[in-house]
Amino acid sequence: MLLELYDYIYSAIITMMDALPDHGSTGRLSLAWLSSLKWVLKKNVKCPFCLQVRKKMVEKYVREESMIRGPKFLTTLRSHTVWEHTPVNLYCTVEDVFVCSCTLSTMYSSGIPYRCETDDTAQYTAVASNIHGQVSTQASVIVKRFREEGHLSSYTWLPYTIPMLPEIKYTKINITFLETFGSVFGTEGDTVTLAATMNISPNLANLQPEAQWFRDGNTFSLAIITAFNNSETKLTLPHLNKDDEGVYTLRMVTKGGDAAHSAFVSCAVPGSPGAPMDIKIHDANRDYVIVSWKPPNTTTEGPIIGYFVDRCETGTENWVQCNDSPIKICKYPVPGLFEGHSYYFRVRAINSKGISKPSRMSDPIAALDPTEFERLHAIKLGGKLDVVTYYDDVEDEKKVPGTPSKLHAPETDRTYVVLSWKPAPYHGRAPVWYYIEKTGAWQRVNTQVPVRSPRYAVFDLAEGKQYLFRVLAANMYGSSEASEPTEPIQTQELRGVPSAPGQVVATRQTDTSLVIQWAEPKEPNNLIGYYIDVCVKGSKDWDSANHKPHKSNKFVVQGLTTGETYVFRVQAINELGLSDESQESSPLSVKAALNTFKLFAAIPSAPYDIALLACDGESMVLNWKRPVHSGGSPVAEYYINKRRHGEHTWREVNIPPIKERLFKVEHLSAGAVYEFMVYGGSLAGLGAPSAPSKAFHCDAWTMPEPGPAYDMTFCEIRDDSVVVEWKAPIYTGASPITGYFVDFAKKGSDEWHCSNESHAVSHRYHKVTGLEAGVSYVFRVRAANSEGAGKPSLASNPVVAKAVEGTEMTCTVDKESGDIILSFESCQITESSHFVWKKFYKEITDFSKEIVIKTEGSTSKLIFKHPDQGDVGCFSVSVTNTDGVSASHEIHAEELEKMLAKSYGIRHPVIPLKTQLAYKILERGRMCFWLQAEHISSAVTYKFFANNKDHNVGTGIIEFVLDHFTEDSEGTFTVQIEDGKARGQSSLVLIGDDFKAALADAEHQRSEYIRVKEGPHFSEFLSVHVGDDCSVALICKVDNLKKETALHWFKDDVEITPEGPANLASGACKLPISLFSKASTGIYKATISDDRGKDQTHGFYFFLSPGSSAAELAIHCTATGIQLHCHMKYYTEEMKIHWLHAESKLSHSEKVHIGGTPAMAIMEILEPTEKDKGLYHIQIIDTENTYSRTIDLSGDGKQFCDYMISTFLDRGKVLGGLPDVVTIMEKKTLSLTCTVCGDPKPQVTWFKNGAEVYPDDQYLVSLESGKFASLTIKGVTLENSGRYTMTVQNKYGGESVDIVVSIYKHGDTIPQAKPTVTPKSIIPPKRPIEIPGPKVVTPSPAPAHVSSPSLPQINHVTLLAAACLPLLLC
């Protein structure tokens, strides 16, 4: 019996312990009972069932540890509504923690039991947490009060018996946002902080508002929220992800209301592709889960090829890829999980450029059997104690399980089906598993993996096909009958991506955003959301407006550029991918909606910082700051209330509204103390009142120092500087104001620093420098006079030292008008913005000098129509209703002088001329006057006192022609050109000899025209021709002939009869001169005539002069020096040649070589030096005359001479040290050493009998410091005898030296050396030396025909024919 009892208790306890942690049933055991059980197990160490229980506990603990998960509420808190003075108990049950309770009736204060009061009405929260997470539950407790007899209630219209909540009156707290966060456009991985500061009125320590953050209207996690503190709250997103994209809203909640601010946060993905997002887990089972996600936007990347799904077991960092090949759709079943283990999942996208970053991982999910609770039942142990266990663990009937029923498919997809069934009642300890079969001869699906829960996903099915399924239950004793087959279950067909969305319409919202709406796609196909693309009009660069699918068909595109024009398109998305793009929207410019005020205008916020500027004992001058928020309409009116200090009644000061923020309150009592309050008004109504001012004493100011300045404004805010402007004090003190001091301090600090402590500024602006970028500063101004510095102004609003992009002003001169223009393009602008131009920071209002302000869109220009020296100064511009957009530019006197000169040149342009007025003679003797301008347009006009004027726009040439140029045309010719605003003029004077030469040319051209056009004429005049056989002839060509045309030859005016008749048909005429000699000297001419007229050639003077045949001297470079040579056509014995250098006659020597050929005389200077520069002559003397040719090597040839001298000085040379013959005994060491030079350093090469010597064990070749060359031969032998040659060479050439080496044996007679003089050999350079030539001056272009003197009647020609020498010798 005792053993049976042990077995029974052991079975119950083990069953209980198995059930406790897995099924959340610990709430059914009391804590005391479990403690007793643990005590029994500890004490009864030898008890057999106790030992097994403890072992089971350890095993259960080990299995429990693998399931890492956060706490879970099994029983949540329940809300209560109770009467006043009634106790309330709140209970909740947490997995692994038995019972948590909060009893309001057990709370004590000073030992007196506490009862619920109406103030206890609230929402209560219980939080459970462990190292893996936390969970909370909430409940509301409402405490009501009975209406007692005689008690007056505001709810008297309700029945008496119904209890009512007390009437609660809350303190009204006004919240005004001072600094808010704007739209943020970040990239994945960035850290983004959203911060807001606000003004709370009244600011009560025990009634502080609560800051609540929402994304797209929902609360969220994975962010760092800084609690509301010191009127500021922050939200930080430490690692920006596309899941974080959305509209973020800050709601400041008070009991009397709330205030909210929203802005859009965008997350772009650098690179490609973007990561998937919104990972969800579905249908979690004991061995598989289904993972789904949303695809990324692919506007700027390639299309998605597929996805990889990864899993990681909680508590580890080992990510395992679940699928071998990419999957196409955004859903994937992950099988093969271990029961009881928890997992994280993530997804990566793939396109042609690579794999994306992983998505944000999912929440942890445990692989558990969802039907396990259905197999539990409770066992009564007596009293109130229960033991929860499985049906399977109670009895063991040792039989086959029953047949499952109600088999159906709760979920179907394209490639898988989830089956679910109801198991038959079963009571046994043998585990049960299931087999699933499908149609096709009832193939078994799960042959390898036994299914232990009545739910299973069948994978790898065909799309759009019908299947039948059935299930069998089995245990160790056998299998049941198969269940009834299901109805035909059809897998889903691939319906594709959604169709394209419909018409896209864009409407205006603000100056940086537009509202986009579109029609839903006609075929949504399980639509997930939309992606919106944006593009600047005229561009093809599309960008994503959102990186997270947007669910509705309306979206606000943020962060657009004011004034820019955009077009939009939309794509729909489902789990298969993105649809086609919709049609593009109509272009729309970004600017604030015209009806923004009419629809959304609100009353302005309260003015603030009321300051006292002056007091005379009967009145006070007040100033205040304008409201932070205008509500959408300008604040144009102000109203002031006053009261005496200590009173509660406010009295109006002004009935008519005040237009300015400066007002003198009169009729005050001297010595009284007053407080003031200001209201701002707009078209939307009267705004909130300001906080009461400080208590101001109405005592007349008599201090000698000035009062405070006021109305500080800021412009040109940069990273390290800011320009402060202010208005002069109302109260000046005992003497005039002489200057101002500007103080600054960091926000929140009381340590003030003076920016201009050394000297006060006399003007009402000052640039504060030395600031820290990104730091917030406050400023104040102190006015000073001869008595000292006065009261400081109120501190300004905080100003952050941070430059705004696009704040540069340009100063240019207009190329068309010559106006000086200051231009500024604002990076921010709104509907109500306007540009304010200032000079020395004082608004420009005087436009008498024709200063024009022109604004178009976001660009404004200050135009000086008539600039002068008075326009020197600092000019600035600011843009109202922006974040301090402003810029400045200072025009200095030097800069203005240059711009005035450029402006004058543009206003009074001169047409530049390439060529001044010139003339050319045309046929018939017409005179063409012409000039060429740099550039003229088709609208050019000119004046000239002649006819036939013309102009060529393409080349800028203007021509005009005089048909009759006669003796009466002598004088001055002038042309005046006008092309738009540009003007030009040129004149040509033709008088005296210049006119006579031009007139002669014109007459000659007229006669030539008549000659050529009307009768026979010579097309080519006489010339000499020397044949290969030394024959000499005169030739010419004729034209416009006929049969009667006759040709005649003349010498010295005596007709010559040629040997044969002239052949005029070819047009070429020839007069052979036989036996050419000195007798052939004379004047030759030819005539041609017929009945139409006569033409003749010019006289041709034929004479011989041998010396005159010499050409000019030429220079030639050789390997050894400079060569001068003179070419001649022929040479005779009578001719003598002399060479001279600086009037000194040269003769042949080692330095100078003189020689030549019959056709050329040559003189060569070897290795030229500086002494060889100078003038060289060659004299050619024949029987009658002396002819000279000259070349100057110190003038035009100096550059060549210098180059050649430097070349010969710099070439490789052997300076000495080598013998001509060397005799040495065998087995000695021979060292041949010499000194070399050259620039660049020469290369030394050694040869033996013509073969190059290479360094080896015997031969050692060296060149030290580029100067000392040596060849060392170790252990010489007879074979080393021979002729050795050393060459020294660089790019300018070199030298070679020979050494004869003779070797004799030991004991032999030393042979007698017979040195022979071996001169050095000159080595020419490897490449031709580039000879520098004189600079070539390119002549300016000239017309085709220019003025020239009249041609002479006789041409003197020298006949040079070396081939005719035999004739002369005869």
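Residue numbers start at 1 and run along the sequence shown. Source: prediction; values computed, not measured.
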Would you check if the side chain of [X] reaches a backbone N or O of [Y] as a donor-acceptor pair within less than 3.5 Å?
X	Y	answer
Lys331	Val291	no
Ser362	Ile279	no
Thr75	Thr93	no

ring-ring contact (aromatic ring centres under 6.0 Å, His included) with [X]: which residues, sequence neighbours excluded?
X	value
Phe264	Phe555
Phe568	none
Phe338	His341
Tyr416	Phe459

Indicate the atoms forming the closest heavy-atom contact of [X] with [Y], along with that distance.
X	Y	value
Thr403	Glu481	CG2-O, 3.3 Å
Ala474	Ser479	CB-OG, 3.5 Å
Trp293	Ile329	CZ2-O, 3.3 Å
Ala275	Lys357	CB-O, 3.1 Å
Pro364	Thr314	CB-CG2, 3.9 Å
Ala349	Pro296	CB-CG, 4.4 Å

Partners of [X] by side-chain hydrogen bond (donor to acceptor under 3.5 Å, both in side chains), sequence neighbours excluded?
X	answer
His282	Ser292
Gln321	Arg348
Tyr307	none
Asp216	none

Residues forming a side-chain contact (heavy atoms from CB on, under 4.5 Å) with [X], sequence neighbours excluded:
X	result
Glu581	Arg569, Gln571
Ser262	Val247, Thr249
Ser325	none
Thr219	Phe214

Original post:
Looking at Arg360 and Asp244, does any basic side-chain N land under 4.0 Å from a carboxylate oxygen?
Top reply: yes
What do you reckon, is [atom1] of [X] surrounded by more than 12 foreign heavy atoms closer than 6.0 Å?
X	atom1	answer
Gln138	CD	yes
Gln583	CD	no
Glu411	CD	yes

